[in-house]
J.: 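For reference, the structure I am asking about is given below.
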Amino acid sequence: MQIVFETFLEQLSECVDEADFREAMAGAAAGFELVTFAYLCLPQHRSGVPRVISNYPDRWTAHYLKSRYEKVDPVIIRALYGGCPFRWGADMRGFATSQLQQRLFDEAAEFSIRCGLTIPIVDRRGWMAAMTFTAGEPNPAFLRVAERYEQALQLMATCFHIHVRRNLSGNRTVDGVSLTPREYECLQWAAHGKSAWDIACILGIKRRTAAFHLDNAKKKLGVRTKNQAVALLASSRSSILRN
């Protein structure tokens with residue numbers, strides 16, 4: 001389990017888009033012999049769209065979002081109350097008080113989504129999310145893993161959420177140029193007077209990796225020095241505040 005967790009954390013530190021995060025979690029889940037997962041983070045504004053990162057069939061994910069099922073899904077509704085991870089299966093139909101909710105369960109079953117372990121996530125910034133590991137049937141192997149590794153899976157889900165929130169939810173545009181999460185993060189630390197070595201220590205990466213991201217940021221911004229890049233970052237921040 002330790003090797004799986006360490007590998008997972010290393011992969012998270014290098015993720016830059018949803019595909020990277022999907023691969024990282026899928027690999028970690030496979031290490032626990034869990035085949036499918038779904039991470040759903042609710043928007044902070046009512047008009048927003050939830051973020052879903054999963055290895056469910058694309059047809060089901062697209063249908064789920066198009067139908068706005070996150071608003072009626074009994075599993076998600078229960079997760080919004082926070083608390084401990086919970087397992088669900090056929091007995092969750094007792095929570096389905098409407099025909100729409102019953103239809104949701106029936107349609108999910110068509111994609112071999114019939115039971116799962118759901119981990120509620122409510123962070124200190126007010127974000128609400130849920131990580132769910134699912135199976136086609138509540139077989140003994142799935143139930144054993146869900147019970148034995150519940151705390152480890154909860155920790156992994158929390159780490160996943162924090163990295164997704166940090167890397168995918170912010171504005172990383174500088175002077176009209178979009179930077180990768182790592183490029184932006186390194187430039188931010190450079191703006192605080194940190195050297196490439198300092199940044200490497202802070203982020204847990206190699207010095208040459210930090211330097212690589214800073215160089216990429218400079219090239220994208222069309223400047224030659226780190227100080228020029230930092231000046232553009234400060235200018236962009238001031239422009240956002242004025243607007």
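All values below were derived from every heavy atom in this structure, side-chain atoms included, with hydrogens, water molecules and symmetry-related copies excluded.
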J.: For the side chain of S235 and the backbone of A231, is there at least one donor-acceptor N/O pair under 3.5 Å apart?
T.: no

J.: Does either side chain, that of Y69 or that of E107, offer a donor lying less than 3.5 Å from an acceptor on the other one?
T.: yes

J.: Does the side chain of W88 come within less than 4.5 Å of T132's, by heavy atoms?
T.: yes

J.: Using atom types as modelled and distance alone, determine if a side-chain donor or acceptor of D106 lies under 3.5 Å from a backbone N or O of L104.
T.: no

J.: Before giving the answer on side chain to side chain contact (heavy atoms under 4.5 Å, CB included), spell out for E147 and F142 the whole-Å C-alpha distance, their side-chain angles and the decisive distance to 0.1 Å.
T.: CA-CA 9 Å; E147 181 177 0; F142 175 80; over 6 Å; no

J.: With a 3.5 Å distance limit and no angle check, can you tell me whether R182 reaches the backbone of S13 through a side-chain donor-acceptor pair?
T.: yes

J.: State whether R87 and E150 are salt-bridged, where the test is any N-O pair (Lys NZ or Arg NE/NH1/NH2 against Asp/Glu carboxylate O) under 4.0 Å.
T.: yes

J.: Which side-chain N or O atoms in residues 210-229 pair as donor and acceptor under 3.5 Å with protein atoms at least two apart or in another chain?
T.:
| residue | atom | partner | partner atom | Å |
| --- | --- | --- | --- | --- |
| D215 | OD1 | K218 | NZ | 3.3 |
| K220 | NZ | E183 | OE1 | 2.9 |
| K220 | NZ | E183 | OE2 | 3.4 |
| T225 | OG1 | Q228 | N | 3.1 |
| T225 | OG1 | Q228 | OE1 | 3.3 |
| Q228 | OE1 | R224 | N | 2.9 |
| Q228 | OE1 | T225 | N | 3.1 |

J.: Look at the side chain of R22 and the backbone N and O of S54, then say whether any donor-acceptor pair between them is shorter than 3.5 Å.
T.: yes

J.: First locate atom CG of L12, then atom CD1 of I162, and finally report the distance between them rounded to the nearest 0.5 Å.
T.: 10.0 Å

J.: Around atom CG of D58, are there more than 12 heavy atoms from other residues, nucleotides or ligands closer than 6.0 Å?
T.: no

J.: Are F111 and Y56 an aromatic pair, judged by ring center distance below 6.0 Å?
T.: no

J.: Working to the nearest 0.5 Å, report the span between OG1 of T158 and CD1 of I119.
T.: 7.5 Å

J.: Using a 3.5 Å distance criterion without hydrogens, assess whether the side chain of D73 forms a donor-acceptor pair with backbone atoms of V75.
T.: yes

J.: When the ring planes of F133 and F37 are compared, do they come out parallel, tilted or perpendicular, using 30° and 60° as the limits?
T.: tilted

J.: Between D198 and S195, is any side-chain donor less than 3.5 angstrom from a side-chain acceptor?
T.: yes

J.: Quick one: sort the W189 and H192 rings into parallel, tilted or perpendicular, breaks at 30° and 60°.
T.: tilted

J.: Counting N and O atoms only, with roles assigned by atom type, does the side chain of N55 sit under 3.5 Å from a partner on the main chain of A38, one being a donor and the other an acceptor?
T.: no

J.: Can any side-chain N or O of S67 pair as donor or acceptor with the backbone N or O of H63 at less than 3.5 Å?
T.: yes

J.: Do the ring planes of H161 and Y39 sit parallel (below 30°), tilted (30 to 60°) or perpendicular (above 60°)?
T.: tilted

J.: Passes side chain to side chain contact (heavy atoms under 4.5 Å, CB included), L42 versus L40? Steps please.
T.: CA-CA 6 Å; L42 294 176; L40 186 147; 3.5 Å; yes

J.: Dump the intermediate steps for side chain to side chain contact (heavy atoms under 4.5 Å, CB included) on K194 and I202, then the final yes or no.
T.: CA-CA 10 Å; K194 303 299 183 181; I202 293 169; 4.2 Å; yes

J.: Hey, mind stepping through L9 and F5 against side chain to side chain contact (heavy atoms under 4.5 Å, CB included) and telling me if it holds?
T.: CA-CA 6 Å; L9 290 182; F5 187 69; 3.4 Å; yes

J.: Would a distance-only check, ignoring hydrogens and angles, find a side-chain to backbone donor-acceptor pair under 3.5 Å from T134 to I113?
T.: no

